[in-house]
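Worksheet for the structure shown next.
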Number of protein chains: 2
Amino acid sequence: MASRTDAPTRREQILKEAARLFAERGFHGVGVDEIGAAVGISGPGLYRHFPGKDAMLAELLVGISGQLLTGARRRLAEADGTPASRVLDSLIEGHIDFALDDRPLITLHDRELDRLRDSDRKLVRQLQRQYVELWVQVVRETYPGLTEPAARSAVHSVFGLLNSTPHLGRAGTLPGRGTTAALLHRMARGAFEAAGRE
Amino acid sequence: MASRTDAPTRREQILKEAARLFAERGFHGVGVDEIGAAVGISGPGLYRHFPGKDAMLAELLVGISGQLLTGARRRLAEADGTPASRVLDSLIEGHIDFALDDRPLITLHDRELDRLRDSDRKLVRQLQRQYVELWVQVVRETYPGLTEPAARSAVHSVFGLLNSTPHLGRAGTLPGRGTTAALLHRMARGAFEAAGRE
DNA sequence: CCCTCAGGTTAACGACCGCTAACGTCGCTG
DNA sequence: CAGCGACGTTAGCGGTCGTTAACCTGAGGG
């Protein structure tokens with residue numbers, strides 16, 4: 001098994017490039033030849049690593065959803081006992097890290113879900129739902145004024161806010177990662193707080 | 001020219017159904033036969049109304065961007081003289097109306113832009129940029145603590161928040177249009193305010 | 001009454017795409 | 001060094017897609 005510091009395996013290269021291309025041009029807009037070319041092999045060579053094009057998308061989306069949920073659970077466990085407001089900050093921080101570091105995946109996450117086989121789609125949706133539920137719980141502890149449906153809507157909306165990173169400066173034109181992260185964090189908290197004000 | 005109260009023309013039917021299908025399955029994921037079937041004609045009959053599939057997408061995206069910009073300019077003119085904070089409320093209200101009433105278009109707006117011919121894409125981007133600039137100006141008047149880049153990022157992020165409506169309750173499970181609109185409005189203001197707090 | 005034309009129809013073409021088949025070439029290992 | 005498995009290659013098949021061609025029909029007007 002490859003450790004995390006090894007050079008990326010061919011499989012990992014393929015997944016990374018496929019994510020970028022799918023995000024740029026859409027799942028149906030990218031051919032297997034392009035994905036192959038992006039990693040220096042061509043076309044059908046991909047089938048030594050994946051059973052098909054669908055499988056690459058499936059692995060990407062399941063991976064994203066799983067990572068988000070796992071990370072959130074870890075943060076929840078680590079912050080056990082601290083006030084809910086701190087836990088919420090940790091969740092926001094984790095989501096922002098992800099949105100800033102893996103923009104193509106964030107894009108895919110809510111865009112290409114319907115291109116999956118039924119079983120994979122159900123799995124991804126289940127992971128997503130658990131992630132949302134976890135947020136809803138923490139948000140309601142932090143802002144008790146929120147009803148459950150309102151909290152759910154608020155969480156989805158804040159995800160929209162945090163996931164807007166692909167639309168911020170196309171290149172490195174945005175004012176530094178730390179500054180952007182802090183701004184997003186403040187805005188997310190402000191949005192939740194405003195949602196909690198009756 | 002058809003007045004606004006006439007029965008929808010065939011062209012309008014086609015655009016509406018194409019928008020829905022493109023939003024559901026992506027531009028490349030929808031065939032012309034499906035679009036035709038959705039309006040009761042089949043396949044190549046569409047070419048009596050549009051020169052090609054691309055033209056439908058182009059007309060949709062240019063239309064959206066133009067409507068958003070025109071609406072915002074009208075609201076700005078109508079609110080001339082009132083405090084900037086009120087103008088911002090009006091902009092937010094307009095954007096929310098659009099996001100709630102035309103969800104498929106909102107989805108397309110930031111998803112299929114790259115599928116356009118160069119000239120159309122440039123036009124759409126120019127309209128979008130003007131819309132953003134208009135918001136940035138009003139936001140900075142309302143919250144003078146914001147630098148220009150921060151205001152721009154904040155505006156994009158709030159668009160992400162407001163455009164999250166397609167992810168809220170798939171059917172009529174969300175708690176009434178008015179309630180949702182009010183929640184989104186509060187959250188948007190809260191996010192801007194938090195962005196403005198240094 | 002015929003002509004026109006808007007708005008359809010079906011058939012078919014060429015391009016492309018996902019995938020398979022058949023084959024080649026290393027590097028390792030008994 | 002023989003054999004083998006991992007990892008490529010190119011050729012090509014079958015299906016789909018956007019688009020065009022050719023044809024049909026019904027309403028309106030001189």
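- Between A:Glu193 and A:Arg197 there is a salt bridge, since a side-chain N of the basic residue sits under 4.0 Å from a carboxylate O of the acidic one.
- Seen from the ring of A:Phe27, A:Lys53 counts as a face-on cation partner, given the 6.0 Å and 45° thresholds.
- B:Val39 comes within 4.0 angstrom of no nucleic acid atom, judged by non-hydrogen atoms across all strands.
- Comparing D:dT9, C:dT9, C:dT20 against the side chain of A:Ile41 picks out D:dT9 as the nearest.
- Classified by interplanar angle (parallel below 30°, tilted 30° to 60°, perpendicular above 60°), the ring pair B:His95/B:Trp135 is perpendicular.
- Distance B:Asp33 CG to D:dG15 P: 17 Å, rounded to the nearest Å.
- In this structure, B:Gly52 reaches the sugar-phosphate backbone alone: every heavy-atom distance under 4.0 Å involves primed, P, OP1 or OP2 atoms, never a base.
- Nearest-nucleotide positions on DNA chain C place B:Gly45 closer to the 5' end than the other of B:Gly45 and A:Tyr47.
- Put simply, NE2 on A:His28 is 23 Å from P on C:dA15, counting in whole angstrom units.
- One finds a side-chain N or O of A:His49 lying less than 4.0 angstrom from the OP1 or OP2 phosphate oxygen of D:dG8.
- At whole-Å resolution of the value, CZ in A:Phe50 and C1' in D:dC7 are 14 Å apart.
- We find that CG of A:Asp54 is positioned 15 Å from P of C:dC17, with the value rounded to whole Å.
- Side-chain contact, B:Thr9 with B:Arg11: no donor N or O sits under 3.5 Å from an acceptor N or O.
- Between B:Arg10 and C:dG8, a side-chain N or O to OP1/OP2 separation shorter than 4.0 Å is present.
- With D:dT10, D:dG18, C:dG7 as the choices, the nucleotide that has an atom nearest any side-chain atom of B:Lys53 turns out to be D:dG18.
- Of the candidate nucleotides D:dT10, D:dG18, C:dA22, D:dT10 has the atom lying nearest to any side-chain atom of A:Pro44.
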